[in-house]
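Inspection log for the structure reproduced underneath, given as structure tokens.
By convention in this document, chain letters (A, B, ...) are assigned in the order of the sequence lines, proteins followed by strands, and residues within each chain are numbered from 1. The structure displayed is predicted, hence computed values, not measured ones.
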Amino acid sequence: MIKEQIKETVNSSVGKYLDENGIDISGIDFDFEIEIPKNIKFGDYSTNAALILANKIKSKPRDVAESLIEILNSGDNTLFKKMEIAGPGFINFHLKEAVYLKGLMEIDSKGKQWGSSKIGEGQKILIEFVSANPTGYLHFGHARNAAVGDSLSRILKYSGYEVTKEFYINDAGRQMDLLGESVLVRYKQLFDIDIDIPEDGYQAEYIADIAKELKSQKDDSLLSLAEDEAQTICKDFAYEILLNEIKKDLLDAGIEFDEWYSEKKNIHTKKNGVNALEQVRGILDSKSSVFEDEGALWFKATDYGDNQDWVLIKSDGLPTYFYADIAYHSDKIQRGYNRLINIWGADHHSHVSRLKSAVTAINNDDKIIEVLLIQFVRLIKDGKEVSMSKRSGSFVTLREVLKEVGRDVTRYFLLMRSTDSHLDFDMNLAKEQSSDNPVYYIQYAHARIESVLTRADESGHSPSPENLESLELQEEMQVVKKLLQFPEIVDQSAASLAPHRIAFYLQDLASEFHVYYNRNKILTENNELTTARLYLISCIQTVLRNGLSLLGISAPRRM
RNA sequence: GCGCCCGUAGCUCAGCUGGAUAGAGCAACGGACUUCUAAUCCGUAGGUCACAGGUUCGACUCCUGUCGGGCGCACCA
């Protein structure tokens, strides 16, 4: 990358400067930035090296900057057309056009790989997301986590990590029992037995549908069974159906998991004669991190930085969700990952510290685990918020939204905001196929390019890097610079676990293309200029496509 | 009471590990289609970055506090 070349060059001139002046800064940590200034009149890149260095060696920034430029100019300078000192002591670089044009050819030759990197090479990441109870359909609240998790996986993979996408199925515990109970009640009602769904049970309509399906398969055979037995059958039956529906919806959203990890299985499977819970218990016991109180077993989270202790085994003898969760994370660690990323809804934030304290207890530190909290989504329809209460069964499902606005728009809208800010999903805007809708804006740029390339092909012109020096417009150089920033955007997005950066970048890039397109003809009378411009727009198309694919959004050839 | 996130243009939001004159889209107003896709483009207008201190050569960004908004603080999952 250009930025790295510049950094190296500047760094070596700093070294020379220090040598020449007999200054030793080996004891001081010194690092500087190479960045793209917001204002183009400050050049293509700029550095604060002189500012930082002057501060460390108690010298005047502008003097230091002047010396650095002198040194940079004295060597063989292949990068810079012009260097100048600005403001308090920034050095602004104007690059030679050839540097950019060479970059353009790199985009072309790397194609789909342009933007990818090897930053994560050799590192295994487990990314866990959605992980909804299989007690109902995925609702819209799950959708943001799903989209973010999936896009992040793509970005991390693109950055060289080995990524496993995992869905943790909460198939043990109270909620599943309630599901079984609820289905059984609906089933019995089909035989005119007068009972009601338990108060905290599942009231929604799909429960009745499942009961009907159950009846059509098993007739009245459950009625003669013991309550326990019948409930288990109902539970397993509903579980199968609902998990499949969840998988189907995710697939419709373009999301495929590598692993479906069952809580129940983890708890019950024995390794070396003990199950996962017992194994965790053993470790915690050995560290004296558990204690009994009022008939329950507690984890001493306060020993590991949390501000309260938590129950592992309730006084009724059953394990808590937290206990199973520790076992689950212990298993994740044993599977040999370097990083564990959990994507959770913001309402679970209080669980972060308790999980981290538990991970510290069993693994000595919690560095391995990162929790990305996703703020809530509000669904807005006709300017009003649509209530998404789960209890009333009136929540909006992911399925409904996908059906109404389609996969591309749904994903883009869920990804276009920073995860730590609330998101308003405007249904009316999402449905609109116009310039207001940023998804189409980006896709349109891609399709437009396709159309020009097709037209060019028909008239015997094809993109070529042979006459790139014909690209002499300032806006052409600007687009090229934008294209060359893409790998950096991907890096940032991966490092900060922030897919929305890609979305913003794509909007900017599409905008630059549209502006360029409106002002200039691609297909001109001048053959050399035409082939060069075709080359440029085909590079734009490549980057648009690569970016869209990181978001899991299609790049249509025609619109 | 404690904890997490947020507060930037009328609205929805960007602003990378502190950098130069704080940006985009929408909405408003005025323009551009006999010309490669007008799902596009151009122009105008819009700001005390919630507030108050602090750190720094430099703060929307970091720290402290205050005020607002959202979400959590279970022997539920």
Side-chain angles (χ1 to χ4, degrees), chain A residues 31 33 35-39 41-42 46 48 51 54-55 61 86-90 92 133 135 170 172-176 178 200 263 293-298 307-308 310-318 320-322 324-325 345-353 373-376 378 380 383 416-424 426 429 432-445 447-456 459 488-489 491-493 495-496 498 500-501 503-504 507-508 510-511 513-524 530 533-534 537 558-559:
Chain A
D31 195 22
E33 307 285 334
E35 59 176 21
I36 298 168
K38 283 174 199 157
N39 192 328
K41 88 173 190 211
F42 293 129
S46 81
N48 59 355
L51 281 166
N55 192 18
F90 291 101
N92 295 336
N133 288 334
T135 55
N170 296 139
R174 178 78 189 128
Q175 294 307 311
M176 290 307 291
L178 268 176
D200 47 358
E263 174 186 1
D293 189 36
E294 294 181 25
L297 186 75
W298 296 70
N307 49 20
Q308 65 179 297
W310 299 91
V311 170
L312 297 175
I313 299 178
K314 297 179 276 177
S315 52
D316 65 5
L318 293 174
T320 58
Y321 169 85
F322 176 49
D325 214 25
D347 53 338
H348 285 68
H349 80 260
S350 63
H351 298 175
V352 176
S353 57
L373 292 174
I374 312 281
Q375 298 300 319
F376 280 15
R378 289 195 311 164
I380 310 287
M416 70 181 175
R417 300 287 179 236
S418 157
T419 50
D420 49 30
S421 111
H422 294 244
L423 172 73
D424 281 352
D426 187 329
L429 176 59
E432 210 167 306
Q433 301 204 355
S434 74
S435 56
D436 305 3
N437 192 326
V439 191
Y440 295 116
Y441 183 80
I442 297 165
Q443 290 182 324
Y444 184 54
R448 242 181 172 180
I449 292 170
E450 184 68 26
S451 163
V452 179
L453 291 174
T454 306
R455 184 64 69 99
S459 61
E488 222 173 288
I489 300 290
D491 286 356
Q492 286 173 4
S493 174
S496 53
H500 77 281
R501 298 233 173 116
F504 273 91
Q507 269 187 81
D508 282 352
S511 164
F513 166 73
H514 285 308
V515 170
Y516 175 59
Y517 178 91
N518 268 278
R519 286 196 194 149
N520 305 284
K521 297 275 292 178
I522 309 297
L523 305 174
T524 65
T530 301
R533 285 188 171 171
L534 286 171
I537 65 166
R558 210 166 299 137
M559 287 174 78

List the residues meeting side-chain contact (heavy atoms from CB on, under 4.5 Å) with A:Glu263, not counting sequence neighbours, and say none if there are none. A:Tyr168, A:Asn170, A:Asp171, A:Ala172, A:Ile267, A:Ala324
Would you say the base of B:rA20 stacks on A:Phe90 (centre-to-centre below 5.5 Å, plane angle below 30°)? yes
Taking only N and O in the side chain of A:Arg533, is any of them less than 4.0 Å away from OP1 or OP2 of B:rC36? no
How would you label the contact of A:Asn48 with the nucleic acid (heavy atoms, under 4.0 Å): base, sugar-phosphate, or nothing? base
Categorize A:Glu33 for me: base, sugar-phosphate, or nothing, with a 4.0 angstrom heavy-atom threshold over every strand shown. base
Pairing residues for A:Arg174 by the side-chain contact (heavy atoms from CB on, under 4.5 Å) criterion, not counting sequence neighbours: A:Asp177, A:Leu178, A:Glu181, A:Asp200
At a cut-off of 3.5 Å, list every protein nitrogen or oxygen paired with a nitrogen or oxygen from nucleotides 55-62 of chain B, distance to 0.1 Å.
none

Give the dot-bracket line for RNA chain B from 5' end to 3' end: parentheses for intra-strand Watson-Crick or G-U pairs under 3.5 Å, square brackets for crossings, | for inter-strand pairing, dots for unpaired. (((((((..((((.....[...)))).(((((.......))))).....(((((..]....))))))))))))....
Holding to side chain to side chain donor-acceptor pair (under 3.5 Å), I want the full list of residues that pass it with A:Glu450, two or more places apart in sequence or in another chain. A:Gln541, A:Arg557
Test of understanding: with side chain to side chain donor-acceptor pair (under 3.5 Å), list the residues that count as partners of A:Ser496, not counting sequence neighbours. A:Arg501
Which residues pass the ring-ring contact (aromatic ring centres under 6.0 Å, His included) test with A:Phe90, not counting sequence neighbours? none
What residues form a side chain to side chain donor-acceptor pair (under 3.5 Å) with A:Thr524, not counting sequence neighbours? A:Thr530
For A:Phe322, which contact category applies under a 4.0 Å heavy-atom criterion: base, sugar-phosphate, or nothing? nothing
Residues two or more places apart in sequence or in another chain: which of them pass salt bridge (Lys or Arg N to Asp or Glu O under 4.0 Å) with A:Arg448? none
Taking N or O atoms only and anything under 3.5 Å, show me the protein contacts with nucleotides 70-75 of chain B, one pair per line.
| from | atom 1 | to | atom 2 | distance (Å) |
| --- | --- | --- | --- | --- |
| B:rG72 | O2' | A:Ser350 | OG | 3.0 |
| B:rC73 | O2' | A:Gln308 | NE2 | 3.1 |
| B:rC75 | O2 | A:Ser315 | N | 2.5 |
| B:rC75 | O2 | A:Ser315 | OG | 2.7 |
| B:rC75 | N3 | A:Ser315 | OG | 3.4 |
| B:rC75 | N4 | A:Glu294 | O | 2.9 |
| B:rC75 | N4 | A:Glu294 | OE1 | 3.4 |

Under 4.0 Å, counting only non-hydrogen atoms across every strand here, what does A:Asn520 touch: a base, just sugar-phosphate, or nothing? base
Can you list the residues that meet the salt bridge (Lys or Arg N to Asp or Glu O under 4.0 Å) rule with A:Asp424, with sequence neighbours excluded? A:Arg378
Taken in chain and number order and not counting sequence neighbours, the residues that satisfy side-chain contact (heavy atoms from CB on, under 4.5 Å) with A:Ser418 are A:Asp420, A:His500
